[in-house]
Participant: 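Let me give you the structure first, and then I'll get to my questions.
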Amino acid sequence: MMLIELTGITKRFKNGMEYKNILENLNLQIHQGDSIAIKGKSGCGKSTLLNIIGGLLPFDEGAMFFNGIDVSKLTESQRAEYRKDNIGFVTQNFHLLDDRNVYENIALPLQYLGMSKHQIKDRVEEILHDLDIEHTTKRTISTLSGGERQRVAIGRAIIKKPLLLLADEPTGSLDEETEESILEIFSSLHQQGMTLIIVTHDDTVSKNCQHIYKLQHKELHSVY
Ligand SMILES: Nc1ncnc2c1ncn2[C@@H]1O[C@H](COP(=O)(O)OP(=O)(O)OP(=O)(O)O)[C@@H](O)[C@H]1O
Ligand SMILES: [Mg+2]
């Protein structure tokens with residue numbers, strides 16, 4: 001089943017007095033359960049593309065369908081609903097609540113769902129264990145190392161087991177061993193049916209994906 005379809009997507013940003021196309025007539029089809037890596041030079045538009053797929057950024061031309069729904073036809077609040085119900089997002093700058101502790105950051109998406117404290121605790125503890133950050137539970141984000149923050153961001157993104165996980169350089173500041181454990185978590189999520197789109201420069205990460213695309217000349221090219 002087709003989960004996401006982008007057709008003829010063009011995105012431009014204002015650059016001084018002019019507009020510059022960052023993405024141009026871009027097409028992408030993703031089936032439910034696919035895992036996809038996106039590579040490409042710094043500044044080529046990878047984060048822009050993820051933000052579009054995640055419903056965070058509007059586009060100028062083309063169409064995007066999610067589960068057959070035309071996302072550009074949704075209202076702002078429907079789009080927020082779309083994100084909340086379907087998508088986990090690990091952004092490049094993590095977007096964590098810096099003055100809250102690790103537990104609170106990871107628990108947040110479940111609190112919005114209205115789960116009981118007890119259920120939330122069980123689930124958060126499981127994630128903390130899987131990501132090997134139990135020792136950080138009560139610490140505020142501002143006291144964590146880069147790699148610890150990255151893992152908290154991953155924990156928050158996957159805790160609801162979303163249909164689609166978008167991850168922007170999720171292993172960028174991790175050592176090999178921690179990266180290995182993150183990749184294991186991703187592949188177990190994938191085996192449970194989650195669709196993954198991962199922006200990465202790292203060949204170890206992209207080799208774990210079923211498809212690799214390169215974003216170049218404002219378009220996606222299939223590498224395999
Ligand atoms: N809001 C904005 N206004 C103007 N230009 C922007 C805006 N957002 C991004 N850009 C520009 O669009 C281009 C693509 O940015 P993007 O962040 O998508 O690149 P990227 O491929 O993710 O790069 P990196 O690998 O460094 O993260 C860059 O030249 C960037 O400066
Ligand atoms: Mg980026």
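Just so you know, ligand 1 is whichever comes first in the structure, and atom 1 is the first atom listed for that ligand.
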Participant: Evaluating non-hydrogen atoms only, which member of G172, G16, G40, G45 is closest to atom 19 (O) of ligand 1?
Facilitator: G45
Participant: Measure the CD1-OG1 distance between I30 and T195 for me, rounded to the nearest 0.5 Å.
Facilitator: 8.0 Å
Participant: Regarding S42, does it place an N, O or S atom less than 2.8 Å from the Mg ion (ligand 2)?
Facilitator: no
Participant: What I want to check is whether the side chains of D202 and T204 have a donor and an acceptor closer together than 3.5 Å.
Facilitator: yes
Participant: Could you check atom 25 (O) of ligand 1 against the protein and tell me its nearest heavy-atom contact, residue, atom and distance included?
Facilitator: K46 NZ, 2.8 Å
Participant: To which protein heavy atom is atom 27 (O) of ligand 1 closest, and what is the distance rounded to 0.1 Å?
Facilitator: Q92 NE2, 2.9 Å
Participant: Taking 2.8 Å as the cut-off, does an N/O/S atom of S47 lie below it from the Mg ion (ligand 2)?
Facilitator: yes
Participant: Which atoms form the tightest heavy-atom contact between V124 and I106, and what is the distance?
Facilitator: CG1-CG2, 4.2 Å
Participant: Looking only at protein heavy atoms, which one is nearest to atom 26 (O) of ligand 1, and what is the separation?
Facilitator: S42 OG, 2.6 Å
Participant: Can you pull out the closest protein heavy atom to atom 12 (O) of ligand 1? Residue, atom name and distance to 0.1 Å, please.
Facilitator: I22 CD1, 3.4 Å
Participant: Treating K46 as the side-chain partner and K41 as the backbone partner, does any N or O pair qualify as donor plus acceptor under 3.5 Å?
Facilitator: yes
Participant: Please check if the side chain of H221 supplies one atom and the backbone of Y213 the other of a donor-acceptor pair under 3.5 Å.
Facilitator: no
Participant: Taking S116 for the side chain and Q119 for the main chain, is one N or O donor matched with an acceptor at less than 3.5 Å?
Facilitator: yes
Participant: Atom OH of Y82 and atom CG of L74: how far apart are they, to the nearest 0.5 Å?
Facilitator: 8.5 Å
Participant: On a heavy-atom basis, which atom in R83 and which in G55 lie closest, and how many Å separate them?
Facilitator: NH1-O, 2.8 Å
Participant: Return the option from D168, L215, N51, T48 holding the heavy atom at the smallest distance from atom 18 (O) of ligand 1.
Facilitator: T48
Participant: Scan the protein's non-hydrogen atoms and note whether one is under 4.0 Å from atom 31 (O) of ligand 1.
Facilitator: no
Participant: Checking a contact table here: which protein heavy atom is nearest atom 9 (C) of ligand 1, and how many Å away?
Facilitator: F13 CE1, 3.4 Å
Participant: Which of these, G43, C44, S47, has its nearest heavy atom closest to atom 23 (O) of ligand 1?
Facilitator: G43
Participant: Run the numbers for me: atoms of ligand 1, each under 4.0 Å from some heavy atom of K41, listed by number.
Facilitator: 21 (O)
